[in-house]
Number of protein chains: 2
Amino acid sequence: MGSPAKVLNGDTKERILAAAEKLFAEEGFARTSLRGITVEAGVNVAAVHYHFGSKEALLEALFARRAAPMNAERLAKLNDLEAASSGDVPPLEALIEAFIAPSFRMLEELDPAGPPASQLIARFFSEPEEIVQRLMREQFSDVGARYLATFTRALPDVGPREVAWRFEFMVAVLTHLLAGMHLIDVVPGATPGPADQPETIRHAVQFLAAGFRAPSKGAA
Amino acid sequence: MGSPAKVLNGDTKERILAAAEKLFAEEGFARTSLRGITVEAGVNVAAVHYHFGSKEALLEALFARRAAPMNAERLAKLNDLEAASSGDVPPLEALIEAFIAPSFRMLEELDPAGPPASQLIARFFSEPEEIVQRLMREQFSDVGARYLATFTRALPDVGPREVAWRFEFMVAVLTHLLAGMHLIDVVPGATPGPADQPETIRHAVQFLAAGFRAPSKGAA
DNA sequence: GTCTATAACGGGATAGAC
DNA sequence: GTCTATCCCGTTATAGAC
């Protein structure tokens, strides 16, 4: 009998992260108080400062914990694809799916129950630019660069600058879906979803592949 | 000489709206204080409550002021297109451009100087879902329904449900660009922009049109 | 219709005991 | 490593003079 009823669980740090993830998703970063997090986690206010140092540092830890394995998976898939197509360029559809699928997997393990987790991503993008930009660069610049290079090789008729635009459009579609914005049902009764992940991915891949392959007409 | 140095300008209400727009864009809604707004506007704290009632009501007024004329322009363009193609369906590219261009025009008149205004849109989407959903529906459901119907007519080989997905993807690209996320430069040196508006629109229309026209293969 | 002054509250952070 | 207690600050909102 060490500390019987005081702490129900072991890792304080982990419990803080889990509670923060939940509340940031539900309420947003600015509206979530450290007090609320520590109540949810069943720990003390001071514990956050002890383990992380500040509220902002907590957000960073949270972000890195999810983004790192997700991007590792992205790179692994890309390596597999390049190995499989020995020397040649992987097929476009496979590239797109390799890029977007890990995000959906991450979302699922973030909250198997359903959609509130998707809010977490939407919330993130509205933090002060400085933080978002720094964290995004830290976690995504390597994967982004490698994929962009491969897309450019896969689309020799399009031109690097145009490919960069279209890569950006792919990111747009991905973040939109991850943030769950397609579930808002702006036009009543006309929402495409909710659909399961494989179907969502299939729709997106079809659309994006056609967009990437669009004939690249210059101005006039 | 009524009140010579006290108030430099006339409309207090208008000055509050302008100041709020600026600060919400720069700092986000939650991080912006009414104090900050009233200092920026050169008015008193109580004036906000007098003219709007609460901080949230101020956000609503702000949103409606921009969204309403923008969507009026969307509808006008759609009417023009349908009139021009007397009885037949307007060309897809023209439809897409009619849908996305008014947003860019709004962005420009919001802040002719440059990009900080785009943050305003990004910020908006991360407010509590309830508010965002209500405001979006209020302002966008009519335009959305009419455009979606026309897109469906323009793409008889695609199928209504698939068109709804692709319409959603178009909205994704649009919001991404409006929010200025393509300027973040995640992959160093590989950003497509900054480009002028006509060029941005041209790239988007090319990409989206091809996506909309993608052959619609069902599962398996 | 606009101001001053203040109420009533909750936030992040820290010091220091244990 | 974890707690209690507290500091200090900024917030929204309102009451009441002008």
Side-chain angles (χ1 to χ4, degrees), chain A residues 1-63 123-124 126-128 130-131, chain B residues 1-63 123-124 126-128 130-131:
Chain A
M1 350 81 171
S3 49
K6 209 49 172 302
V7 177
L8 296 150
N9 168 327
D11 220 1
T12 300
K13 203 168 171 178
E14 196 61 33
R15 304 180 59 189
I16 293 172
L17 283 170
E21 212 161 57
K22 183 184 173 214
L23 294 181
F24 285 169
E26 287 173 8
E27 300 290 332
F29 182 74
R31 299 175 72 90
T32 301
S33 67
L34 288 184
R35 285 177 158 76
I37 293 171
T38 51
V39 167
E40 172 82 24
V43 302
N44 194 272
V45 206
V48 174
H49 288 94
Y50 176 78
H51 285 289
F52 298 96
S54 75
K55 193 185 177 187
E56 187 176 316
L58 174 59
L59 176 68
E60 297 197 25
L62 233 157
F63 179 75
R123 306 289 192 194
F124 170 73
S126 64
E127 290 318 306
E130 167 218 331
I131 301 175
Chain B
M1 349 78 169
S3 48
K6 208 50 169 304
V7 176
L8 297 150
N9 166 329
D11 221 1
T12 299
K13 203 168 173 179
E14 195 61 33
R15 303 180 59 187
I16 292 173
L17 282 170
E21 213 160 57
K22 182 182 174 214
L23 293 182
F24 285 168
E26 287 173 8
E27 299 291 330
F29 183 73
R31 300 176 70 93
T32 300
S33 67
L34 290 183
R35 281 177 158 74
I37 293 170
T38 51
V39 166
E40 172 83 25
V43 302
N44 193 271
V45 205
V48 174
H49 288 93
Y50 176 79
H51 285 289
F52 298 96
S54 75
K55 193 184 176 186
E56 188 178 315
L58 174 58
L59 177 67
E60 297 196 25
L62 232 156
F63 179 75
R123 307 290 191 194
F124 170 73
S126 63
E127 289 318 307
E130 168 219 330
I131 303 174

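Naming convention: chains lettered A, B, ... in sequence-line order (proteins, then strands); numbering from 1 in each chain.
Remark: the backbone N or O of B/Leu23 is paired with a side-chain donor or acceptor of B/Thr32 at under 3.5 angstrom. Of the possible donor and acceptor atoms, none in the side chain of A/Arg15 sits under 3.5 Å from a partner among the backbone N and O of A/Glu40. Without hydrogens or angle criteria, A/Lys55 side chain to A/Phe29 main chain gives a donor-acceptor distance under 3.5 Å. Side-chain atoms of B/Lys13 do not come within 3.5 Å of backbone N or O of B/Ala47 as any donor-acceptor pair.
Nucleic acid contact class of A/Ala46 (heavy atoms, under 4.0 Å, all strands): base.
For B/His51, the side-chain atoms get nearest to C/dT2 when compared with the rest of D/dT2, C/dT2, D/dC3. The nucleotide whose nearest atom lies closest to any side-chain atom of A/Tyr50 is, among C/dA13, D/dT2, C/dT4, D/dT2.
The only option from B/Asp11, B/Thr12, B/Leu62, B/Ile37 that meets the side-chain contact (heavy atoms from CB on, under 4.5 Å) definition with B/Leu17 turns out to be B/Leu62.
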What pairs of nitrogen or oxygen atoms, one from the protein and one from nucleotides 9-11 of chain C, lie under 3.5 Å apart?
residue, atom, partner, partner atom, Å
C/dG11, OP1, A/Ser33, OG, 3.3

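The separation between B/Leu58 atom CG and D/dA13 atom C1' is 14 Å, rounded to whole Å.
Between A/Ser54 and C/dG12, a side-chain N or O to OP1/OP2 separation shorter than 4.0 Å is absent. The shortest distance between the side-chain N/O atoms of B/His49 and the OP1/OP2 oxygens of D/dA15 is not below 4.0 Å.
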